[in-house]
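Working notes for the structure below.
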Amino acid sequence: MYTDVSADRQVEYRKLPAVDSLLRVPAIHRLADELGVEWVTAAVRAELAAVRQSIAAGATAPAVDLWPERVRQRLEQSSLCALRPLVNATGVVIHTNLGRAPLSDAALAAVQAVSVGYSNLEYDLADGGRGSRHDHARHLLCELTGAEDAMVVNNNAAAIYLVLSALCAGSEVLLSRSQLVEIGGGFRIPDVLRQSGARLVEVGTTNRTHSDDFAQAVTAASTALLRVHSSNFKQIGFVAMPALATLATLAHQHGLLLIDDLGSGTLLETTPFGLSAEPLIQQSVAAGADLITFSGDKLLGGPQAGLILGRAGEVARLRRHPLARALRVDKLTLAALEATLLSYRRGRALQEIPVWQMIAASPEELAARARHWQATLTAQGFAAQLHPGFSTVGGGALPGETQPTTLLAIPHAAPDRAAAALRSQPVPVVCRIQQDQLLFDPRTVLPGQEGVLLQGLLAALQRTARQEEIGCSSF
Ligand SMILES: *Cc1c(COP(=O)(O)O)cnc(C)c1O
């Protein structure tokens with residue numbers, strides 16, 4: 001079967017036990033009695049296949065007495081959900097790959113309360129008849145932002161798509177050449193425009209666009225000016241773009257809508273935390289934008305959602321559009337969103353919403369937490385240092401902006417292998433790797449996860465240290 005493999009690989013393959021003989025090993029046999037022979041047989045086969053792969057890659061066959069533990073670990077992993085919680089030690093607060101905003105306790109409680117049983121999702125408690133799910137977060141959103149009306153859809157991409165499809169299909173939409181943006185994951189504003197049935201009219205130049213550029217591009221077929229926030233890049237130097245209020249005046253003079261895709265958007269100022277200004281949602285409303293879209297799980301700090309604010313007539317048209325049904329959110333999202341918005345209304349967002357707690361964390365607090373981690377690790381005999389470093393907000397907000405932090409740095413001869421061991425823990429830990437160090441930023445590690453982080457770190461370090469001693473590379 002392995003005719004092409006070298007003699008030393010063949011020696012390793014021959015050391016592999018057969019499935020049947022593994023199932024007769026007492027510890028594995030007990031697992032089969034306990035959990036059912038089919039499941040344990042499948043785990044044994046999967047583990048054998050994984051070991052064959054690592055032998056092909058140069059590893060040695062595991063010793064016989066290691067098999068029960070390996071099979072047990074594989075069973076444990078296969079019993080876990082594919083989507084799992086993890087510890088984000090990267091220092092990127094709104095990490096798109098790691099699920100963006102963690103929810104507040106209040107949001108979790110609201111989700112639990114509404115989903116454990118029935119709710120008035122589409123039921124009018126006053127008259128006992130049919131209600132609308134669109135009514136739930138609507139009034140809070142209007143109250144917090146000053147908007148006439150509001151609507152919630154699945155995410156901001158859906159929000160933009162719905163606005164353009166319902167209000168601009170078959171017409172021209174004017175957009176500055178400096179805002180032909182790709183958001184990430186292949187999501188490009190010009191593509192969404194085309195998909196919605198609107199026609200993109202590019203205005204101005206890459207670096208400078210003036211009011212006159214917009215004014216001269218307006219035709220009888222135009223319906224809207226679109227502004228897209230440059231979320232994930234920064235233009236500096238010889239650049240110009242009219243203020244939002246100027247665009248609003250211009251749009252209204254020509255009977256057009258001004259649509260503002262804020263991307264992240266924020267209800268709170270970012271400048272008190274050493275960051276530059278991110279556009280405030282309520283300022284967009286005040287400046288006269290007719291439709292405003294932003295994400296629920298970026299700086300708002302709530303669940304994944306696309307929030308649409310706007311004029312009553314236009315938002316009513318969005319609600320009636322057939323796509324509204326396809327893009328609608330479920331009760332879990334609405335519950336989490338309302339609870340998150342209530343934190344803002346109570347004036348408690350900085351204290352209650354994790355994203356803002358992380359942004360507002362003081363350098364002293366972060367240093368104290370890193371020192372505690374260092375003390376725990378050194379007490380167990382592992383070298384760990386503290387370095388000044390930087391965290392970022394992420395999530396397409398405030399590109400290039402950083403906040404000072406204290407990093408826990410663990411020097412390691414094989415940092416990639418150690419990081420992989422950390423990711424394979426029951427609760428995976430994701431950290432940064434810089435040269436021959438693993439870096440851990442306390443800013444994004446939730447206080448309730450510190451125990452899990454330290455436990456996982458000790459286990460992974462012990463495991464990789466042992467592998468180094470015996471020169472094994474089976475992981
Ligand atoms: C993030 C972002 C989007 C997409 O929002 P999702 O909620 O991820 O769908 C759209 N536009 C801008 C400007 C963004 O920053």
Side-chain angles (χ1 to χ4, degrees), residues 85-96 98-114 136-145 147 150 152 155-156 231 262-275 277-284 292 294-307 309 329 332-363 365-366 369 391-398 401 403 405 441-450:
L86 56 70
V87 178
N88 172 14
T90 64
V92 182
V93 175
I94 304 168
H95 198 306
T96 293
L98 305 184
R100 289 200 186 155
L103 294 180
S104 67
D105 290 341
L108 291 175
V111 168
Q112 158 96 17
V114 150
H136 294 293
R138 187 173 168 188
H139 303 293
L140 262 176
L141 278 167
C142 292
E143 197 185 310
L144 287 166
T145 62
V152 185
N155 54 22
N156 189 27
S231 304
L262 279 177
S264 173
T266 174
L267 290 170
L268 297 182
E269 300 270 7
T270 46
T271 46
F273 309 104
L275 298 163
E278 180 75 11
L280 284 173
I281 297 157
Q282 50 281 43
Q283 277 175 359
S284 263
I292 299 162
F294 55 99
S295 298
D297 53 353
K298 290 183 178 172
L299 279 173
L300 194 75
Q304 179 191 302
L307 308 185
L309 307 177
V329 291
L332 308 187
T333 302
L334 285 170
L337 179 63
E338 268 200 296
T340 305
L341 294 172
L342 281 169
S343 287
Y344 285 96
R345 197 172 68 179
R346 282 195 296 273
R348 301 273 306 157
L350 282 182
Q351 291 78 22
E352 295 178 1
I353 297 177
V355 161
W356 285 98
Q357 290 173 315
M358 291 175 190
I359 289 173
S362 73
E365 187 185 322
L366 295 167
R369 290 178 66 194
S391 325
T392 57
V393 172
L398 302 160
E401 299 271 323
Q403 293 184 290
T405 187
D441 188 337
R443 189 184 298 276
T444 51
V445 176
L446 301 169
Q449 289 185 319
E450 290 211 335

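- Distance check, rounded to the nearest 0.5 Å: CD of E269 to CG of L280 gives 4.5 Å.
- Interatomic distance, N156 CG to F294 CZ, rounded to the nearest 0.5 Å: 8.5 Å.
- The backbone N or O of G91 lies less than 3.5 Å from a partner atom in the side chain of T444, making a donor-acceptor pair.
- Pairing each heavy atom of P303 with each of T333, the nearest pair is CG-O, 3.5 Å.
- The backbone N or O of E450 lies less than 3.5 Å from no partner atom in the side chain of R369, so there is not a single donor-acceptor pair.
- A heavy-atom distance below 4.5 Å is found between the side chains of H95 and T90.
- Heavy-atom minimum distance, A150 versus C142: N-SG, 3.9 Å.
- By the side-chain hydrogen bond (donor to acceptor under 3.5 Å, both in side chains) test, T271 is found to be paired with no residue, residues two or more places apart in sequence or in another chain being considered.
- Contact check for P363 versus T405: no side-chain heavy atoms found under the 4.5 Å cut-off.
- Using a 4.5 Å heavy-atom threshold, the side chains of V393 and F273 count as separate.
- For the pair L337 and V329, the minimum side-chain heavy-atom distance is 4.5 Å or more.
- Between P85 and Q449 there is no side-chain heavy-atom pair separated by less than 4.5 Å.
- Sorted by first and then second residue, the pairs that involve residues 336-345 and meet salt bridge (Lys or Arg N to Asp or Glu O under 4.0 Å), not counting sequence neighbours, are E143-R345.
- By the neighbour-count criterion of 12 heavy atoms within 6.0 Å, atom CD of Q112 is sparsely surrounded, having that number or fewer from other residues, nucleotides or ligands.
- Between the side chain of Y344 and the backbone N or O of L300, at least one donor-acceptor pair lies under 3.5 Å.
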side-chain contact (heavy atoms from CB on, under 4.5 Å) evaluation trace for L307 with I281: CA-CA 11 Å; L307 308 185; I281 297 157; over 6 Å; no
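- In this structure, CG in L299 is found 4.0 Å from CD1 in I94, a value given to the nearest 0.5 Å.
- When side chains are defined from C-beta on, T270 counts as touching W356, because their heavy atoms get closer than 4.5 Å.
- Contact record, H136 with L334: CD2-CD1, 4.2 Å, taken as the closest heavy-atom pair.
- The side-chain heavy atoms of E352 and R346, taken from C-beta on, include a pair separated by under 4.5 Å.
- Without hydrogens or angle criteria, S295 side chain to D297 main chain gives no donor-acceptor distance under 3.5 Å.
- L86 is listed as a side-chain neighbour of L98, based on a closest heavy-atom distance under 4.5 Å.
- Separating the CG atom in L144 from the NE2 atom in H139 is a distance of 13.0 Å, to the nearest 0.5 Å.
- Listed here is the closest heavy atom pair of R443 and S391: NE-OG, 2.7 Å.
- Taking each heavy atom of A339 and A107 in turn, the nearest pair found is CB-CA, 3.6 Å.
- Atoms CG and CE, from D441 and M358 in turn, are 10.0 Å apart once rounded to the nearest 0.5 Å.
- To the nearest 0.5 angstrom, L398 atom CG is 5.5 Å from L275 atom CG.
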